[in-house]
2 protein chains.
Amino acid sequence: MGEAVPGRDPLSLDGQLCFAVYAASRAMTGLYRDLLADLDLTYPQYLVMLALWERGTASVGDLGEALRLDSGTLSPLLRRLEARGLVRRRRDTGDERVVRVTLTQTGTALRERARPIPGRVLCATGLTEDEVAGLRGLLDQLTESVATHDPTSVGRPSTPER
Amino acid sequence: MGEAVPGRDPLSLDGQLCFAVYAASRAMTGLYRDLLADLDLTYPQYLVMLALWERGTASVGDLGEALRLDSGTLSPLLRRLEARGLVRRRRDTGDERVVRVTLTQTGTALRERARPIPGRVLCATGLTEDEVAGLRGLLDQLTESVATHDPTSVGRPSTPER
DNA sequence: ACCAGTTCTATTGTGCGCAATTGAATTGTG
DNA sequence: CACAATTCAATTGCGCACAATAGAACTGGT
């Protein structure tokens, strides 16, 4: 099919890692959309709930650090979760700057209905557990490298200046 | 901590593949944000330009199939690219339903300024070419499995019905 | 106590993603 | 030709992401 040349065009869409990650992420989000419809949660909302189920309570800043999201994303998301009665937000007594997010009874109970989800996701991926572990390792390494990356020290293979 | 079971809690945030993909995707997008600032392109706009640089011209439907995006995303995005003079949109003569997207001179020329980007991205990932190849393979497999996935046949390890 | 600097959250504005709807153009069938 | 079904793109509405800004609350130094 493809043209003989061993080295692909670096600017080809299919050859780029970026698109593979991007496409995989949206495919996963779509899968979760189906699986979470029953719980009436979006995927980012589910991630917030995961973090809260682990912690019980957390400040907006804690959630932002765990999920790598800022308040511009979390504030309205948490407002919707509160409107649904899954969490409660209250200013911390002692430091009125921080908003403490706490699970309600309903929010805590929702965890039971979420329990079958990870198993279904693993099934849908069609990967073995070993493959999943390897993939997670590579992705974590990728995320770390890219996040730590210093823009000013970007390797410039052969470009002197614009 | 978790209940007795040796394997990690399936509902733990850090243990899930979904979050690894999600975090990696956003980290990559952030990297491209920096690299593309010079070209004044967003990451999805860059993907559309990649597809057009490969094809020269394409219908909205072609782009949607290549990038797995629908018209709700592409229409306003293409409008912005056209407003910047990078592409031109015109109804196909012969089939007035399809909108043909064509690169302008400016849009074609922009490719030269994009050429150093893939190299810089590879550098920033901190991965070897072999690791990138393996990662791409796993991600493509993941995307395929998840996309092909039939929601009704979802494996339900032990849940009879809601 | 005062004030400058910092920390933390919320708000605003822009640009995706995607479901659902709309409407024009085309195709298939009688 | 008439007309129902289909195809294609645009629009609408909602929910993220993220940059930039604003504002309240805390901190440390004087």
Side-chain angles (χ1 to χ4, degrees), chain A residues 18-19 21-34 36-37 40-49 58-65 67-84 87 89-101 147 151, chain B residues 18-19 22-34 36-37 40-49 58-84 87 89-101 147 151:
Chain A
C18 67
F19 183 65
V21 179
Y22 174 75
S25 178
R26 285 190 298 121
M28 289 288 280
T29 301
L31 173 63
Y32 276 93
R33 202 188 325 282
D34 296 339
L36 292 172
D40 199 27
L41 286 178
T42 66
Y43 179 58
Q45 286 167 6
Y46 172 69
L47 293 177
V48 169
M49 293 304 288
S59 70
V60 174
D62 293 338
L63 293 173
E65 188 174 359
L67 304 177
R68 300 280 165 198
L69 293 171
D70 70 1
S71 66
T73 300
L74 288 173
S75 285
L77 188 155
L78 291 170
R79 184 195 319 290
R80 284 184 282 270
L81 289 183
E82 186 174 43
R84 269 182 218 166
V87 306
R89 292 183 299 162
R90 211 183 318 173
R91 293 268 163 197
D92 193 313
T93 54
D95 189 343
E96 293 278 345
R97 290 172 305 178
V98 344
V99 170
R100 188 139 293 278
V101 182
Chain B
C18 67
F19 183 64
Y22 173 74
S25 178
R26 285 192 296 121
M28 290 287 280
T29 301
L31 173 62
Y32 276 93
R33 203 188 326 284
D34 296 338
L36 292 172
D40 199 28
L41 286 178
T42 67
Y43 179 58
Q45 287 167 5
Y46 172 69
L47 292 178
V48 168
M49 294 303 290
S59 70
V60 174
D62 293 338
L63 293 174
E65 188 175 359
L67 304 177
R68 300 278 165 200
L69 294 171
D70 69 1
S71 64
T73 301
L74 288 174
S75 285
L77 188 155
L78 291 170
R79 185 197 319 292
R80 284 184 281 270
L81 290 184
E82 186 175 42
R84 267 182 219 165
V87 307
R89 291 183 298 162
R90 212 183 317 171
R91 294 266 164 199
D92 192 314
T93 55
D95 189 342
E96 292 279 346
R97 290 173 306 179
V98 344
V99 170
R100 189 139 292 280
V101 183

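All chains are named by letter (A, B, ...) in the order of the sequence lines, taking the proteins before the strands, and each is independently numbered beginning at 1. Just so it is clear, the model here is predicted, and its values are computed rather than measured.
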### Task
Decide yes or no for A:Val99 and A:Arg90: does some side-chain heavy atom of the first lie under 4.5 Å from some side-chain heavy atom of the second?
no
### Task
Look at atom CD of B:Glu96 and say whether more than 12 heavy atoms of other residues, nucleotides or ligands are closer to it than 6.0 Å.
yes
#### Entry: Residue-phosphate contact under 4.0 Å: B:Tyr22 side-chain N/O, D:dA17 OP1/OP2
yes
### Query
Under 4.0 angstrom, heavy atoms only, what part of the nucleic acid is B:Gly94 near: base, sugar-phosphate, or nothing?
sugar-phosphate
#### Entry: Distance in Å, A:Met28 CE paired with A:Leu31 CG, rounded so as to fall on 0.5 Å steps
6.5 Å
### Query
Once you round it to whole Å, what is the distance between P of D:dC16 and CG of A:Leu69?
10 Å
### Query
Is A:Arg100 touching bases, backbone alone, or none of the nucleic acid, heavy atoms closer than 4.0 Å?
nothing
### Task
Please report the closest heavy-atom contact between B:Met49 and B:Val87, naming both atoms and the distance.
SD-CG1, 4.3 Å
### Integer-rounded Å distance: D:dA9 P and B:Asp70 CG
12 Å
### Task
Please work out which residues in residues 23-30 of chain A have a non-hydrogen atom less than 4.0 Å from an atom of DNA chain D and list them by number.
none
### Message
What is the separation between atom CG on A:Leu81 and atom C1' on D:dC16, rounded to the nearest whole Å?
### Response
13 Å
### Query
Residues in side chain to side chain donor-acceptor pair (under 3.5 Å) with A:Ser59, at least two apart?
A:Asp62
### Task
Please work out if B:Thr42 contacts a base, only the sugar-phosphate, or nothing of the nucleic acid, heavy-atom cut-off 4.0 Å.
sugar-phosphate
#### Entry: Contacts of B:Arg97 that satisfy side chain to side chain donor-acceptor pair (under 3.5 Å) - sequence neighbours left out
B:Asp95
### Rounded distance (Å) that lies between atom P of D:dT11 and atom CZ of B:Arg80
12 Å
### Task
Map B:Ser71 and B:Leu77 onto DNA chain C by nearest heavy atom, then report which one ends up closer to the 5' terminus.
B:Leu77
### Bounds of contact between DNA chain C and chain B, in 5' to 3' order, using a heavy-atom cut-off under 4.0 Å
C:dG15 to C:dT26
### Message
List the residues meeting side chain to side chain donor-acceptor pair (under 3.5 Å) with B:Tyr32, not counting sequence neighbours, and say none if there are none.
### Response
A:Gln16
#### Entry: Exam field: side chain A:Ser25 to backbone A:Val21, donor-acceptor pair closer than 3.5 Å
no
### Task
For A:Leu74 and D:dC16, give me the distance from atom CG to atom P, rounded to whole Å.
10 Å
### Message
Taking salt bridge (charged side-chain N to carboxylate O under 4.0 Å, His left out) as the definition, give me every residue that meets it alongside B:Asp92, ordered by chain and number, with sequence neighbours left out.
### Response
B:Arg100
### Task
Whole angstrom is fine here: how far is it from CZ in A:Arg84 over to C1' in D:dC14?
11 Å
For residues 40-47 of chain A, which side-chain N or O atoms pair as donor and acceptor with protein atoms under 3.5 Å away, sequence neighbours left out?
{"residue": "A:Thr42", "atom": "OG1", "partner": "A:Gln45", "partner atom": "N", "Å": "3.2"}
{"residue": "A:Tyr43", "atom": "OH", "partner": "B:Cys18", "partner atom": "O", "Å": "3.0"}
{"residue": "A:Gln45", "atom": "OE1", "partner": "A:Thr42", "partner atom": "N", "Å": "3.0"}
{"residue": "A:Gln45", "atom": "OE1", "partner": "A:Arg84", "partner atom": "NH1", "Å": "3.2"}

#### Entry: Separation of D:dG15 P from A:Leu78 CG (nearest whole Å)
14 Å
### Query
Quick one: side chain to side chain donor-acceptor pair (under 3.5 Å) partners of A:Glu82, sequence neighbours excluded?
A:Arg89
Could you list the donor-acceptor pairs under 3.5 angstrom formed between side-chain atoms of residues 68-81 of chain B and any protein atom two or more places apart in sequence or on another chain?
{"residue": "B:Asp70", "atom": "OD1", "partner": "B:Gly72", "partner atom": "N", "Å": "3.2"}
{"residue": "B:Asp70", "atom": "OD1", "partner": "B:Thr73", "partner atom": "N", "Å": "3.2"}
{"residue": "B:Ser75", "atom": "OG", "partner": "B:Ser71", "partner atom": "O", "Å": "3.1"}

Anything under 3.5 Å between a protein N or O and an N or O of nucleotides 6-8 of chain D, put it in a table, one pair a line.
{"residue": "D:dT7", "atom": "O4'", "partner": "B:Arg97", "partner atom": "NH1", "Å": "3.4"}
{"residue": "D:dT7", "atom": "O2", "partner": "B:Arg97", "partner atom": "NH1", "Å": "3.2"}

### Message
Counting only side-chain nitrogens and oxygens, does B:Arg89 get under 4.0 Å of the OP1 or OP2 atom of D:dA9?
### Response
no
### Message
Whole angstroms only, please: what is the CG-P distance between B:Leu67 and D:dA9?
### Response
13 Å
